[in-house]
Amino acid sequence: MTARARLEELGIELPSVAAPLASYVPATRVGGQVWTSGQLPVVDGELPATGKVGAEVSVERAQELARTAALNALAAIDAEAGLDNITRVVKVVGFVASDPSFTEQAAVIDGASEFLGELFGEAGVHARSAVGVAVLPKDSPVEIEVIVEIAE
């Protein structure tokens, strides 16, 4: 089953590529890989939540936001190389705007990782980093980068 067909089966629509907030491109292809820029959980041009995880944003809500940011990364990959050309998710880097006492960054980024696994199966299992930070652009609770291998 193609990734696009699997999204349809899950009832998920691939969004338009989010416009960059500064001087960069949403994704770039290097050989057989596509690397995305950091993607925020933007929906229809707006952030559905802001603030620090562990304070204003719950772990569960942050997991949903990480999933949305991963979907936005897939939209950028689709525009660069075609969603159905993804052969493997190589790595996910997740940033979590964290309350100083918050230590569950890995659980937050599971929202993105589990979504990619649900979509791509074994090819969605990837290396990963989950990093707590003081603040993210636009006061977003999460930001996701994705690196994928694509069919040549």
Side-chain angles (χ1 to χ4, degrees), residues 1-21 24-51 53-54 56-98 104-132 136-152:
M1 176 180 294
T2 67
R4 197 169 299 280
R6 180 71 175 131
L7 278 176
E8 187 174 315
E9 182 180 89
L10 293 170
I12 299 170
E13 187 174 327
L14 194 64
S16 298
V17 179
L21 299 176
Y24 60 89
V25 295
T28 189
R29 183 176 179 165
V30 178
Q33 294 184 337
V34 174
W35 294 52
T36 72
S37 294
Q39 299 291 314
L40 302 180
V42 173
V43 177
D44 297 325
E46 300 292 326
L47 277 175
T50 58
V53 181
E56 299 91 358
V57 181
S58 71
V59 170
E60 295 78 15
R61 181 66 174 130
Q63 288 171 328
E64 294 168 3
L65 296 168
R67 179 182 175 108
T68 300
L71 183 62
N72 289 341
L74 292 177
I77 293 165
D78 183 52
E80 186 66 28
L83 186 68
D84 290 333
N85 290 323
I86 296 172
T87 57
R88 177 165 185 80
V89 178
V90 176
K91 184 165 185 180
V92 169
V93 179
F95 301 94
V96 181
S98 303
E104 298 300 318
Q105 289 81 8
V108 170
I109 305 306
D110 278 347
S113 294
E114 290 170 3
F115 168 62
L116 293 168
E118 183 179 16
L119 183 60
F120 293 105
E122 188 63 30
V125 177
H126 51 269
R128 188 181 88 181
S129 299
V131 182
L136 288 167
K138 304 293 184 187
D139 200 25
S140 177
V142 299
E143 183 173 346
I144 300 290
E145 297 176 5
V146 178
I147 303 166
V148 297
E149 178 181 58
I150 55 169
E152 296 283 336

Open item on the list: Is there a side-chain contact between Asn72 and Val42 in this structure, where contact means two heavy atoms from C-beta onward sitting under 4.5 Å apart?
Closed with: yes
TODO: Report yes if the side chains of Asp139 and Leu47 come closer than 4.5 Å at any heavy-atom pair, otherwise no.
DONE: no
Task: Counterpart residues, side-chain hydrogen bond (donor to acceptor under 3.5 Å, both in side chains), relative to Glu56 (two or more places apart) - done: none
- [ ] Go through Leu83 and Leu7 one step at a time and tell me if the side-chain contact (heavy atoms from CB on, under 4.5 Å) criterion holds.
- [x] CA-CA 10 Å; Leu83 186 68; Leu7 278 176; 3.7 Å; yes
Open item on the list: Can you list everything that forms a side-chain hydrogen bond (donor to acceptor under 3.5 Å, both in side chains) with Glu114? Sequence neighbours excluded, please.
Closed with: none
Task: For Gln63 against Ala107, the heavy-atom pair lying closest together - done: NE2-O, 2.9 Å
Open item on the list: Quick check: do Thr50 and Ser140 have side-chain heavy atoms less than 4.5 Å from each other?
Closed with: no
Task: Sequence neighbours excluded, every pair satisfying salt bridge (charged side-chain N to carboxylate O under 4.0 Å, His left out) that has a member inside residues 57-77 - done: Arg61-Glu64, Arg67-Glu118
Task: Qualifying residues under side-chain contact (heavy atoms from CB on, under 4.5 Å), relative to Ala18, sequence neighbours excluded - done: Gln39
- [ ] Quick one: which residue pairs count as a salt bridge (charged side-chain N to carboxylate O under 4.0 Å, His left out) with a foot in residues 26-41, not counting sequence neighbours?
- [x] none
Open item on the list: Tell me the closest heavy-atom pair linking Phe95 and Leu136, and the distance in Å.
Closed with: O-CD1, 3.6 Å
Task: Beyond-backbone contact of Ser37 with Pro20, side-chain heavy atoms, under 4.5 angstrom - done: no
Task: Where Ala97 and Gly51 come nearest, the two heavy atoms and their spacing - done: CB-O, 4.2 Å
Open item on the list: Within the 4.5 Å heavy-atom criterion, are Leu14 and Asp78 side-chain neighbours or not?
Closed with: yes
TODO: State, to 0.1 Å, how close Pro137 and Leu40 come at their nearest heavy-atom pair, and which atoms those are.
DONE: O-CD1, 3.9 Å
TODO: Work out which heavy atom in Thr2 is nearest to a heavy atom in Asp84; give both atom names and the distance.
DONE: CB-OD1, 3.3 Å
Open item on the list: Could you report the tightest heavy-atom contact between Gly132 and Ser98, atom names first, then the distance?
Closed with: CA-OG, 3.7 Å
Open item on the list: Applying side-chain contact (heavy atoms from CB on, under 4.5 Å) to Ile109 and Ile144, what does each step give before you reach the verdict?
Closed with: CA-CA 8 Å; Ile109 305 306; Ile144 300 290; 3.8 Å; yes
Task: Pairwise side-chain contact, Val34 with Ile147, heavy-atom cut-off 4.5 Å (strictly under) - done: no
Output side-chain donor-acceptor pairs under 3.5 Å for residues 86-93, partner residues at least two apart or in another chain, one line each.
| unit_1 | atom_1 | unit_2 | atom_2 | d |
| --- | --- | --- | --- | --- |
| Thr87 | OG1 | Glu149 | O | 3.3 |
| Thr87 | OG1 | Glu149 | OE1 | 3.0 |
| Arg88 | NH2 | Val125 | O | 3.0 |
| Lys91 | NZ | Ser129 | OG | 3.4 |

TODO: Can you spot which of Val53, Val142, Val59, Val96 makes a side-chain contact (heavy atoms from CB on, under 4.5 Å) with Gln105?
DONE: Val96
Task: Heavy-atom check, side chain of Val148 versus side chain of Thr36, under 4.5 Å - done: no
